[in-house]
Amino acid sequence: MGTVIVLLLVAVAAALAIRQMIKDKKAGKSLSCGGDCSRCAGCQSNQKSASDNTGK
């Protein structure tokens with residue numbers, strides 16, 4: 001009986017996590033690159049160097 005309860009709790013937690021991931025994806029939030037470098041901390045260094053090059 002305890003195994004079934006734990007299994008149900010894990011299934012509910014997984015379902016909630018998947019639901020949140022779907023909501024985040026629809027809202028434009030994602031852990032992977034969405035192609036919007038203005039919001040990406042990794043791409044900001046590239047933007048700075050690109051703007052430095054265009055300003056010279």
Side-chain angles (χ1 to χ4, degrees):
M1 183 66 172
T3 304
V4 174
I5 293 172
V6 171
L7 179 63
L8 288 173
L9 289 173
V10 170
V12 167
L16 289 174
I18 291 170
R19 178 180 167 210
Q20 187 64 41
M21 288 169 45
I22 292 170
K23 286 176 67 175
D24 286 348
K25 183 70 172 175
K26 286 182 179 178
K29 301 175 188 174
S30 179
L31 292 177
S32 63
C33 182
D36 186 5
C37 287
S38 66
R39 297 182 182 195
C40 179
C43 294
Q44 287 179 358
S45 61
N46 292 337
Q47 286 180 344
K48 287 179 185 174
S49 63
S51 64
D52 290 342
N53 292 338
T54 57
K56 290 182 179 181

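Small disclaimer: the values here were computed from a predicted structure and weren't measured.
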Colleague: Considering only residues two or more places apart or on different chains, which pairs with a residue in residues 1-14 satisfy side chain to side chain donor-acceptor pair (under 3.5 Å)?
Modeller: none
Colleague: Could you list who else is in Leu16's hydrophobic cluster, with ILVMFWY side chains joined at under 4.5 Å, directly or through other members?
Modeller: Val12
Colleague: For Leu9, check side chain to side chain contact (heavy atoms under 4.5 Å, CB included) against everything at least two apart and list the hits.
Modeller: Ile5
Colleague: Can you pull the side chain to side chain donor-acceptor pair (under 3.5 Å) pairs that have at least one residue in residues 10-19, sequence neighbours excluded?
Modeller: none
